[in-house]
Visitor: 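The structure is given below, and queries will be raised subsequently.
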Amino acid sequence: MSTNKKKTYLITTALVILFFVIIQGLIGGGIINRYWQNILILICINIIMSTSLNLTVGVLGQINLGHAGFMAIGAYAAALFLKSGLVGGFLGYFLSLIIAGVVATVFGILIGLPVLRLTGDYLAIVTLAFGEIIRVLIENLSFTGGAQGLAGIPTTHDFGKYFLVAAFLVTMIFTYASCRHGRAVLSIRDNELAAESCGINITKYKTFAFALSALFAGVAGALYAQSFGVLAANIFNYNKSFDYLVMVVLGGMGSMTGAIFSTIGLTILPEVLKPMAEWRMVIYAVILIAVMIYRPQGLLGRKEFSLRKLLRLEKYKKGDVEGE
């Protein structure tokens with residue numbers, strides 16, 4: 001690893017820690033109230049969902065309209081474990097994340113193996129159907145609470161826990177997207193036949209990316225259950241999947257930092273527009289349409305926000321000034 005890369009990673013880590021300390025200080029000082037703490041927690045959950053969906057949509061290049069189904073699986077798996085009372089406290093919350101991730105991954109592999117043989121519109125339709133099947137099953141199973149859902153789930157509202165889990169998972173997603181396996185998946189996205197002719201196992205890499213995406217969605221579902229304490233199957237309908245897809249497309253398919261920026265904006269925007277009552281969703285829709293018209297490739301396209309490039313740009317500009 002070069003010296004410049006090490007410096008960039010250290011600066012990025014320092015900025016993340018500084019941001020975390022500032023937010024915790026504002027919460028401790030009462031400047032950020034409970035309502036906005038919940039919004040911050042929701043932002044963390046949505047960032048995990050949008051970046052994990054980007055693994056399938058942006059990195060793999062396959063449309064997934066059932067991502068909320070994996071979130072539902074993780075949420076109910078974690079909720080049932082927490083309600084059982086087998087393990088309590090911090091250990092119980094931590095184990096619920098692992099259980100949610102494992103269960104969602106199993107479903108991701110079972111669904112991914114057959115459906116990833118399809119592409120384009122066919123895959124989108126099948127994944128949409130999968131999400132709806134999961135929702136209907138949850139509504140008709142007795143141990144999930146049926147249509148009434150689950151209530152009384154042990155909750156925690158410690159923003160630090162959500163932030164750290166989100167930061168850890170997003171770091172894993174970035175690492176995967178930039179490693180050898182991630183580059184193999186990118187080659188499949190760009191030209192599947194060429195990738196296969198180079199010896200890349202198409203089925204293996206497709207299924208692994210799909211399962212990894214499901215794992216993160218399951219963990220996000222567990223965090224959702226721990227935050228709100230109440231679950232209902234209709235929360236995880238196809239509209240939820242479309243919301244996360246919009247976040248990915250708006251940020252730029254394939255750009256993780258773009259997905260993060262768009263997720264933050266799209267989570268906060270409806271809350272900021274709430275005082276406008278019935279015009280709120282109209283303004284929200286107009287903003288989305290305007291962005292798609294004038295920036296159809298998304299905020300960052302397929303590029304990533306790079307602190308290293310930003311620092312190099314500043315250095316270049318200084319050199320120009322000195323030369324003048």
Visitor: Only one of F236, Y244, F210 clears ring pair (Phe, Tyr, Trp, His ring centres under 6.0 Å) with F70; which?
Guide: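 Of the listed residues F236, Y244, F210, the ring pair (Phe, Tyr, Trp, His ring centres under 6.0 Å) partner of F70 is F210.
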
Visitor: If you measure from CD1 on I41 to CG on N46, what distance do you get to the nearest 0.5 Å?
Guide: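 The CG atom of N46 is 12.0 Å from CD1 of I41, to the nearest 0.5 Å.
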
Visitor: Within a strict 4.5 Å, meaning less than it, do heavy atoms of the F216 and L55 side chains meet?
Guide: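 The answer is yes; the side chains approach within 4.5 Å.
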
Visitor: Return each pair, listed once, that meets ring-ring contact (aromatic ring centres under 6.0 Å, His included) where at least one residue sits in residues 84-111; pairs must be two or more places apart or across chains.
Guide: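 For residues 84-111: none.
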
Visitor: When rounded to the nearest 0.5 angstrom, what distance separates CD in Q297 from OG in S255?
Guide: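 Rounded to the nearest 0.5 Å, the CD-OG separation comes out at 11.0 Å.
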
Visitor: Under the rule for side-chain hydrogen bond (donor to acceptor under 3.5 Å, both in side chains), what residues qualify as partners of T56, not counting sequence neighbours?
Guide: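 Applying side-chain hydrogen bond (donor to acceptor under 3.5 Å, both in side chains) to T56 gives S213.
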
Visitor: At what distance, to the nearest 0.5 angstrom, does CG of L223 lie from SG of C44?
Guide: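 Here the interatomic distance stands at 8.5 Å.
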
Visitor: Any heavy-atom pair between the side chains of M256 and V170 that's under 4.5 Å?
Guide: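 V170 does not reach M256 side chain to side chain.
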
Visitor: Could you check whether the rings of F242 and Y238 sit parallel, tilted or perpendicular, using 30° and 60° as the cut-offs?
Guide: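 Perpendicular.
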
Visitor: So which pairs with a foot in residues 50-69 pass ring-ring contact (aromatic ring centres under 6.0 Å, His included), sequence neighbours left out?
Guide: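 Non-adjacent pairs meeting ring-ring contact (aromatic ring centres under 6.0 Å, His included): zero.
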
Visitor: Given T155 and S227, is the side chain to side chain contact (heavy atoms under 4.5 Å, CB included) satisfied, shown in steps?
Guide: CA-CA 6 Å; T155 60; S227 174; over 6 Å; no

Visitor: Could you check whether any side-chain N or O of T127 sits under 3.5 Å from a backbone N or O of L65, counting only pairs where one atom can act as donor and the other as acceptor?
Guide: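 Yes, the answer is positive, given that a donor and an acceptor are paired below the 3.5 Å cut-off.
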
Visitor: Is a side-chain N or O of R135 found less than 3.5 angstrom from the main chain of G69, in a donor-acceptor match?
Guide: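 No.
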
